[in-house]
Amino acid sequence: MQISATQIQKTKELIESYKYITILTHIDPDSDTIGTGLGIYSLLKQNTNKRVEIVNVSKDLPNYLDFLRYFDKFKKKMDFANSLIISVDSASSDRLGVDIANRDVLNIDHHKSNTNYGSVNIVVPQYASASMVAFELFDELYPISKDSAQAFYTALVSDSQFFTTSSVDETAFAYASKLMDLGADNLKVAYNLKM
């Protein structure tokens, strides 16, 4: 565990204090930001009574990820004016493509260059993908659904280039195994990523 009990508690309090939540994925999206965002979206939709939106302002999304549940829920702009912002896989706020000044932000990332722009920053540079950070964090808060496991696993496989990057270690393999135990379909992911 790289995430502290204090960070988990702060995340829980932040989520509980809002009725509306906006998940922001970064511009020029890759599988990590999309998969991690959808994994969180799924958990919040299935385990809370919050109004949740997921947003990416880019012109195009990677359509090969349309096998992930809720992919069709992406919006091009934020509709919630006073929501909690959950940013995923974005080292700085300008990568989100929207103005989040004066907003509470839960910043979930794995980039060493992260500027810690959030109200709560959950950044683990040792991890191979942002999805590993999200999985570790949200596994302490909600039961991980099959849909979320599939999304997180997809993000991990893609960002680690099928477990070949230098950031892959025993934790990456352990989390991949757990996600498969929770229902992630490795063959379906490999087929759709076509890497």
Side-chain angles (χ1 to χ4, degrees), residues 1-3 23-43 54-74 86-97 106-117 121-139 144-195:
M1 279 280 290
Q2 294 290 331
I3 300 171
I23 300 168
L24 291 178
T25 55
H26 65 67
I27 55 176
D28 300 321
D30 59 8
S31 300
D32 195 16
T33 196
I34 296 294
T36 302
L38 287 174
I40 296 169
Y41 180 89
S42 178
L43 288 174
I54 186 163
V55 177
N56 188 286
V57 300
S58 299
K59 181 181 176 184
D60 297 309
L61 297 179
N63 285 327
Y64 58 86
L65 296 173
D66 65 0
F67 73 99
L68 295 175
R69 187 161 185 212
Y70 299 120
F71 182 84
D72 61 338
K73 298 299 184 185
F74 268 99
I86 300 180
S87 67
V88 292
D89 193 42
S90 189
S92 61
S93 61
D94 61 322
R95 289 275 291 140
L96 299 169
L106 172 58
N107 170 20
I108 297 173
D109 191 26
H110 70 121
H111 293 101
K112 290 178 185 174
S113 58
N114 193 286
T115 60
N116 292 309
Y117 54 87
N121 299 292
I122 315 290
V123 181
V124 185
Q126 304 95 302
Y127 282 175
S129 73
S131 66
M132 289 179 64
V133 182
F135 173 54
E136 184 173 300
L137 175 65
F138 284 95
D139 191 35
I144 304 296
S145 67
K146 181 178 179 178
D147 295 326
S148 292
Q150 183 85 321
F152 289 152
Y153 181 83
T154 301
L156 172 55
V157 168
S158 178
D159 225 38
S160 68
Q161 297 174 30
F162 277 88
F163 306 102
T164 61
T165 58
S166 60
S167 55
V168 172
D169 59 11
E170 62 274 8
T171 305
F173 286 115
Y175 282 16
S177 178
K178 286 180 183 179
L179 290 166
M180 287 173 65
D181 287 345
L182 289 163
D185 184 338
N186 64 311
L187 295 177
K188 187 173 186 178
V189 170
Y191 174 80
N192 282 279
L193 291 180
K194 295 182 176 76
M195 296 178 76

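Quick note: residue numbers are just sequence positions, from 1.
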Pair L193-T154, side-chain contact (heavy atoms from CB on, under 4.5 Å): steps then yes or no: CA-CA 8 Å; L193 291 180; T154 301; 4.0 Å; yes
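A 4.5 Å side-chain heavy-atom check between V133 and V123 finds every atom pair outside the cut-off. Residues V157 and F163 have side chains in contact (heavy-atom distance under 4.5 Å, counting atoms from C-beta outward). Side-chain contact check for Y70 versus I54: every heavy-atom pair is 4.5 Å or farther apart. Side chains of L43 and I144 form a contact here, defined as non-hydrogen atoms less than 4.5 Å apart. S160 is not listed as a side-chain neighbour of S167, based on a closest heavy-atom distance of 4.5 Å or more. At a threshold of 4.5 Å between non-hydrogen side-chain atoms, the residues I27 and V57 count as touching. Inter-residue side-chain proximity for I40 and F152 is flagged as met; some heavy-atom pair is nearer than 4.5 Å. The shortest distance between side-chain heavy atoms of P62 and I34 falls below 4.5 Å.
Taken from CZ in F71 to CG in L65, the straight-line distance is 6.0 Å, to the nearest 0.5 Å. Between the OG atom of S131 and the CD1 atom of I108 there is a distance of 11.0 Å, given to the nearest 0.5 Å. If you take OG on S42 and CZ on F138, they are separated by 11.5 Å, rounding to the nearest 0.5 Å. D30 contributes atom CG, which lies 5.5 Å from atom CG of D159 (distance to the nearest 0.5 angstrom). Within the model, atoms OH of Y127 and NE2 of H111 stand 16.0 Å from one another, a figure rounded to the nearest 0.5 Å. A distance of 10.0 Å separates CE in M132 from CD1 in I3, rounded to the nearest 0.5 Å.
Here the shortest heavy-atom pairing between Q161 and T164 reads O-OG1, 2.7 Å. The shortest heavy-atom contact between A155 and D32 is CB-OD1, 3.4 Å. Nearest heavy-atom pair, S92 versus T115, reported as atom, atom and distance to 0.1 Å: CA-OG1, 3.9 Å. In terms of heavy atoms, D28 sits closest to S58 at N-OG, 2.9 Å. Nearest heavy atom pair, residue A134 against residue T36, reads CB-CG2, 3.6 Å.
With hydrogens and angles left out, the side-chain atoms of N114 and N107 include a donor and acceptor closer than 3.5 Å. In this structure, a donor-acceptor pair under 3.5 Å is present between the side chains of Y64 and S31.
Of the residues Q2, H110, K112, the one that meets the side-chain hydrogen bond (donor to acceptor under 3.5 Å, both in side chains) test with Q126 is Q2.
For D147, the salt bridge (Lys or Arg N to Asp or Glu O under 4.0 Å) partners two or more places apart in sequence, or in a different chain, are R69.
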Quiz: residues 176-191 side-chain donor-acceptor pairs under 3.5 angstrom, not counting sequence neighbours:
{"residue": "D185", "atom": "OD1", "partner": "L187", "partner atom": "N", "Å": "3.1"}
{"residue": "D185", "atom": "OD1", "partner": "K188", "partner atom": "N", "Å": "3.1"}

